Every structure is written in structure tokens, then in C-alpha cells.
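Computed from a predicted model, the values in this text were never measured in an experiment. Reminder, nothing fancy here: chain letters follow the sequence lines and each chain counts from 1.
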Number of protein chains: 2
Amino acid sequence: MPRVADHDQRRRQVADAVRRLIAVGGLEAVTVARTAAEAGISVGLVQHYFRTKDDMLLFTYRQVMADIDARLADLIERREQAGTRIEHVVLDGIAETMPLDPRRREEWRVALAFAGRAVDEPRLAAARAQRLEDLRGRLAEAIDNGKECGEVPPGLDARAAAVRLAAYAEGLTHHMFADPEHVPPSAALAALADHLATIFTGHCRLHDRAPGERPPPDAGDDAD
Amino acid sequence: MPRVADHDQRRRQVADAVRRLIAVGGLEAVTVARTAAEAGISVGLVQHYFRTKDDMLLFTYRQVMADIDARLADLIERREQAGTRIEHVVLDGIAETMPLDPRRREEWRVALAFAGRAVDEPRLAAARAQRLEDLRGRLAEAIDNGKECGEVPPGLDARAAAVRLAAYAEGLTHHMFADPEHVPPSAALAALADHLATIFTGHCRLHDRAPGERPPPDAGDDAD
DNA sequence: TCAATAACCGTATGGTCGTACGGTTTTCCT
DNA sequence: AGGAAAACCGTACGACCATACGGTTATTGA
């Protein structure tokens with residue numbers, strides 16, 4: 001019966017305002033009043049959609065990560081449909097999350113600010129931990145796919161390799177972000193490419209064979 | 001003529017109080033009043049030694065890093081005097097900076113909180129960047145020493161290897177810190193050890209010879 | 001049409017913070 | 001001894017903040 005509004009859209013509107021404020025002045029610059037002004041609404045309305053400021057920040061953090069993931073999923077799907085080698089999909093995917101242009105650099109500013117506050121905010125810490133684990137899981141899947149495909153040696157521990165790869169990417173990004181002069185993007189990407197080459201040592205049987213041809217039976221799939 | 005006090009000691013006393021406050025409640029918990037209380041002095045005295053709160057925080061950040069570096073230098077010197085392989089010195093050195101026990105975990109809480117605020121505090125960002133570059137420089141030196149010693153192949157780019165190693169350690173630490181359950185210390189250390197094994201591929205000629213024996217003349221030292 | 005109800009606004013409030021400032025104490029040099 | 005100067009204290013102040021709250025507006029279903 002009453003007036004209705006798109007809750008999700010409003011919450012995103014507020015979260016976007018928070019994101020912009022952080023990008024300019026860090027988490028310190030985020031106040032409820034400023035957020036309302038930046039979002040073009042009143043303080044009261046912000047309160048209507050977020051019970052507390054911490055709720056607002058948590059939602060914003062999740063939103064930022066979800067946006068990155070959505071972009072990532074998009075890129076991966078496009079690459080996979082194009083039949084790109086898994087190794088290259090992984091490299092491009094990781095590169096997509098790195099601060100290689102002003103937009104993504106801003107994204108990292110925001111993420112870093114939240115990571116810093118996660119130290120004393122358990123809910124932020126949990127969100128961060130979950131995202132990192134999710135990322136490791138995705139990478140492990142990709143490496144497993146690489147096994148089926150023949151790019152990755154079957155004996156390799158996909159989970160361990162994924163953990164290492166995720167950590168390597170994270171660390172390279174931190175160094176690159178803090179000091180792009182001494183750790184240029186080219187160096188970080190080269191390091192990642194070299195590391196990936198130690199995981200994806202083979203070439204993909206599935207993509208390289210002629211159309212209609214059956215894969216060689218050494219993959220262990222007991223057909224029939 | 002006037003009353004004198006140990007400035008350095010007082011400033012460290014304040015910085016220690018700040019460190020404790022951050023360890024418990026993050027940077028949010030740090031106020032000038034609380035810091036004074038934690039340090040057992042008055043607000044006025046804190047102001048006497050630090051013009052602004054930001055100055056106080058910057059000093060504290062530097063202090064935290066300096067403490068770690070001092071501990072590190074100590075460990076390295078002991079290991080080197082014991083004639084340990086450079087590869088192991090490097091591994092132990094990196095492990096020393098990792099949050100492997102509550103004390104070092106607290107250290108990382110503090111460091112992470114500062115890293116987060118470095119996003120909007122240029123002075124903190126500069127301090128962080130300088131420290132990371134310093135770390136990369138030390139690692140490059142160690143790898144160069146490994147070359148002279150025979151542990152590292154002479155053709156290897158020490159600087160590039162140092163950048164990668166530093167980033168790898170940083171990333172492993174972040175993942176381990178955020179989610180020790182899924183990235184246990186053992187996994188992080190194993191990853192580091194494996195990575196070091198790809199750099200330090202040889203054994204040290206200098207340490208393996210009999211006492212008093214002269215090193216082989218291929219080191220380039222033109223003794224007379 | 002009309003009440004019911006959510007969307008939305010603006011301000012009031014209680015508290016906290018960083019910093020300024022005037023006063024007090026202690027020590028050292030002459 | 002005595003005064004100069006720094007070490008040190010406690011409070012006051014202006015600003016800002018998160019949240020509470022009462023009032024207003026718009027829309028919907030009956």
C-alpha cells in the first residue's frame with residue numbers, strides 16, 4: 001500500500017558515495033553526513049537504509065568486492081568462450097584485479113583502507129578472509145581444469161599451487177601499489193607470467209586437436 | 001641550565017603506548033588522551049613531544065618498523081657468524097618478520113592498520129614505500145652475496161629476484177594473517193622454501209672448504 | 001477518495017576529539 | 001642562592017560526529 005522504493009538501488013547509491021569518499025580522503029573522510037551529501041540524499045535516509053555507520057561500511061566493502069568479482073567473471077567467461085589457454089585466462093584475470101590504471105588503483109585504495117580497518121572490525125576481517133578464500137578456490141578450480149585439459153601436470157597439488165599463486169599476486173600488487181617506481185607493472189606481470197609457466201607446463205590437448213576428434217584416453221575417464 | 005629529560009626515551013614511551021592501543025583496538029582506538037593515559041603521562045606532555053597527533057602516529061610507525069629491523073639485523077648477524085648458508089639466513093630472516101606467534105601477530109596488526117591509513121596519509125605512505133624498497137635492497141644484496149659464494153647462479157638478476165621474493169613473502173603473510181586456517185604457517189614457509197630453492201641452486205664454496213684454506217681465485221679478488 | 005504506510009527530511013543531542021593555553025614543578029648554571 | 005628555562009600538568013574550547021527523533025511527503029491499495 002505505501003510508497004515503494006528500490007532498496008538495493010538506494011543502498012548501492014550510498015555505497016558508491018562511500019567509495020568515492022574513501023578514494024579521495026580515505027576511511028577518515030567518511031562520515032554519515034558527508035556520505036549523505038555525496039549521495040545527494042539526507043542523513044535520515046541513510047539511516048533508513050543502514051542502521052549504523054558500520055553496517056554501511058560493511059555493505060560498501062562487500063559491494064566493492066562484488067563489483068570486482070562481477071567484472072572478473074565477465075572477463076573469464078569471454079576468454080573461455082574464445083577458447084583461450086587457461087594459463088592466459090588466469091594471468092589476465094589476475095591482471096584485471098591489479099591497480100594498472102587510475103580506476104583500478106582507486107579500487108585498491110578503497111580495498112586497502114578496508115583491509116586496514118579489518119584489524120579491529122571482525123565483520124570486515126571475516127568478509128576479507130572469505131573473499132581471499134573464494135579467490136584461492138577459484139584459482140584451484142582453474143588449475144584443476146588445466147589438468148583435465150593437459151596444461152597442468154596431473155600430479156600437481158592444485159590447492160597448494162592456488163594458495164601460492166594468490167599470495168604471489170597479492171604481494172606483487174602491494175609492492176606495486178606502494179612503490180610503482182621501483183616495482184613497475186611490467187615487472188609484476190612478468191613475475192606472474194613466469195610463475196604461471198611453472199604451473200601450466202603443458203599445452204591444451206582439448207583445444208589443439210581437430211574438431212570432432214576424441215581426446216587421448218590417458219586422462220583417466222572410463223568412458224562406456 | 002634548565003631541567004633536562006631524555007627526549008628519545010619519552011618519545012619511545014609514547015610510541016609504545018600507541019602501539020599497544022592499536023594492537024587492542026586498531027587505529028580507531030588511538031586518541032591523544034588515551035595515549036597519554038596508557039603511557040602514564042599527561043596530555044600536555046604528549047603535546048610537548050609531538051606537535052600533532054599525526055606526528056605521533058608517524059613516529060610510532062617508524063618505530064615499529066625500526067624495531068623489527070633491529071631484531072632482523074640481530075638474527076642475520078648471528079646466523080652469518082655461525083656460517084649458515086645464505087639461503088637459510090634469508091628464509092629465517094623472512095620468517096622472523098612473519099606473524100608466527102602472538103607477539104609478531106600483534107606487530108602485523110599494527111603494521112596493517114598503518115598500511116591502511118597510508119592510503120590517505122602521504123607521509124605514512126612514503127615511510128611504507130621506503131621500508132619496502134629497503135627490504136628489497138637487502139634481499140638483493142643477500143642474493144648478490146649468494147653469487148659470490150656460489151649458491152646463486154651468476155647470471156641471475158638479483159634485483160628482479162629480490163623484488164619477486166619480497167612480494168611473495170608479503171603476499172603469503174597477508175593470506176596467512178587473514179585466514180590462518182586455510183593458509184597455515186607451514187604452507188607459507190614451504191612455499192617460501194621452495195621459491196628460495198629456485199634462486200639458491202648451488203652450494204657455498206666458501207663455507208664448504210677446510211678451515212684456513214684459501215678460496216679459489218675465480219672470485220675476482222686480486223690479492224697481492 | 002482516503003487513510004495507511006513507507007520514503008524521506010532536518011535538526012537536536014550527548015559525547016568525543018585534537019589542540020591551545022596558562023599555570024606549576026623541577027633542575028641546572030652562575 | 002636564585003632565576004632561567006624546560007619539563008610537565010590539567011582544563012577549556014571549538015569543532016565534529018553518530019545517532020535519535022519528530023515531522024512531512026508521496027504513493028498505494030481498497
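Mapping A:Ala33 and A:Gly44 onto DNA chain D by nearest heavy atom places A:Ala33 at the nucleotide closer to the 5' end. Both B:Val4 and B:Val30 lie near DNA chain C, and the one whose nearest nucleotide falls closer to the 5' end is B:Val30.
Geometrically, A:Arg105 engages A:Phe177 in a cation-pi contact, judged by NZ or CZ lying under 6.0 Å from the ring centre and within 45° of the ring axis. Relative to the six-membered ring of A:Phe59, A:Arg11 meets both conditions, a distance below 6.0 Å and an angle of at most 45° to the axis.
Using a 4.0 Å heavy-atom distance criterion, A:Arg34 is classed as a sugar-phosphate-only contact. Residue contacts for B:Val46: at a heavy-atom cut-off of 4.0 Å it reaches no nucleic acid atom on any strand shown. Residue A:Phe50 is out of contact with every strand shown, counting any heavy-atom pair closer than 4.0 Å.
Remark: the A:Arg136 side chain and the B:His175 side chain contain an N/O donor-acceptor pair separated by less than 3.5 Å. In this structure, a donor-acceptor pair under 3.5 Å is absent between the side chains of A:Gln9 and A:Arg12.
For D:dA7, the OP1/OP2 oxygens have a side-chain nitrogen or oxygen of B:His48 closer than 4.0 Å. Using a 4.0 Å cut-off, some side-chain N or O of A:Arg10 falls inside it from OP1 or OP2 of C:dC8.
To the nearest angstrom, C1' of C:dG18 lies 13 Å from CG of B:Asp55. Rounded to an integer number of Å, the gap from A:Ile41 CD1 to C:dC8 P is 8 Å. In this structure, the NE2 atom of A:His7 is 12 Å from the C1' atom of C:dT5, given to the nearest Å. What separates CG of B:Leu45 from P of C:dT25 is a distance of 16 Å, to the nearest Å. We find that CD of A:Gln9 is positioned 20 Å from P of C:dA6, with the value rounded to whole Å. In this structure, the CG atom of A:Asp6 is 17 Å from the P atom of C:dA6, given to the nearest Å. Separating the OH atom of A:Tyr49 from the C1' atom of C:dC9 is a distance of 13 Å, rounded to the nearest angstrom. Here C:dG18 presents its P atom at 10 Å from CG of B:Asp54, a figure rounded to the nearest Å.
No donor-acceptor contact under 3.5 Å links the side chain of A:Arg3 to the base of C:dA6. At a cut-off of 3.5 angstrom, the base of D:dA18 holds no donor-acceptor pair with the side chain of A:Gln47.
If you check D:dT25, C:dT5, D:dC8 against the side chain of A:Pro2, the one that comes closest is C:dT5. In the set D:dC17, D:dT19, D:dC9, D:dC9 carries the atom at the smallest distance from any side-chain atom of B:Ser42. With C:dC8, D:dC8, D:dA18 as the choices, the nucleotide that has an atom nearest any side-chain atom of B:Ala5 turns out to be D:dC8.
Taking 4.5 Å as the limit, every side-chain heavy atom of A:His88 sits out of range of all side-chain heavy atoms of A:Phe200.
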